[in-house]
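First the structure, in the form of structure tokens, and then the observations on it.
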Amino acid sequence: MFRFFHVPRSRRCIAAALFVLAGLGAQPAAGLELPRARSVPGGVALVELGPALAAPQASLDGVPVLVTGRPGGWVAVVGIPLDASPGALTLEVRGEGAPLRRVEVAVAPVRYAEQRLKVAPGKVDLSAEDLARHERERLRSAEVIATWSAREPATLRMLQPVPGRRSGSFGLRRVFNDQPRKPHSGMDIAAPTGTPVVAAAAGRVIDTGDYFFNGNTVWLDHGNGVLSMYCHLSAIDVQPGDELAAGARIGAVGATGRVTGPHLHWSVMLNRTMVDPALFLADGSGAP
Ligand code: ZN
């Protein structure tokens, strides 16, 4: 240490540069374990941003986007909205001391199937009271969905939160009692009421509640805009603020909210956008 200060100035600079390079070399060969890419509405695009000493910042329509990797090459993990038109989205990228860049993200067309369901009439034609309740819940959900915590997720490879048959129903255009409603923005997994539901990845509980459509619901924040949501639960075993390991129990399968039978509805969000959870599972089955 003492000797270091006696090195001539020019050699000190070289020593400092070598130290930085050594630091870079010590980083893992890749950043996070990434989801599978599927650049369609409701899918995930993996966009190479190139090398830089510090991670650049990326945003889509003003919403921050997860960037991971290392100085040798950064990757934006972009959630593509289900209602995006095929063509191209524009990612805005800001690097430290670099001008704003616009990066085009190609979005291929996809055609999701239609699904017709019969539910209690009051869950489709809402009473004035239920409409007011739903509106309050919508505002609360919007707040939850806007969560951005600075920590990087531990992984983007997730566990299936409950064993059972995956419906592969993400994106289905849904018709309830002959009335078209919003497309299905998650994965349904059929399982008996009471089956334990676990956290798909490590994260913090940011909301729990009983929602009109989603029933008993738990939201987890995995960091950098990666959220997951678990709906229709018969029991909730966690509370906001709890830090959970991947695989920790959060509740049990149920049939609360707008359902035709007991199952888990599981959603995964990137940049405030619900994307196909199957892309985050190791074998990817359940994808359309
Ligand atoms: Zn569902």
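Start at 1 and go down the list; that is how both ligands and their atoms are numbered.
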Residues 42-67 vs side chain to side chain donor-acceptor pair (under 3.5 Å), sequence neighbours excluded, gives none

Task: No-hydrogen, no-angle side-chain donor-acceptor test under 3.5 Å, Glu152 and Thr68 - done: yes

Looking just at side-chain N and O atoms, do Arg133 and Tyr211 make a donor-acceptor pair shorter than 3.5 Å? no

**Prompt:** Is there an N/O/S atom in His263 that lies less than 2.8 Å from the Zn ion (ligand 1)?
**Reply:** no

Looking at His265, the N, O or S atom sitting nearest the Zn ion (ligand 1) is ND1

Atom name of the N, O or S atom of Asp188 nearest to the Zn ion (ligand 1) is OD1

Exercise for review: Name the orientation class of the two ring planes belonging to His265 and His232 (parallel below 30°, tilted from 30 to 60°, perpendicular beyond 60°).
Suggested key: perpendicular

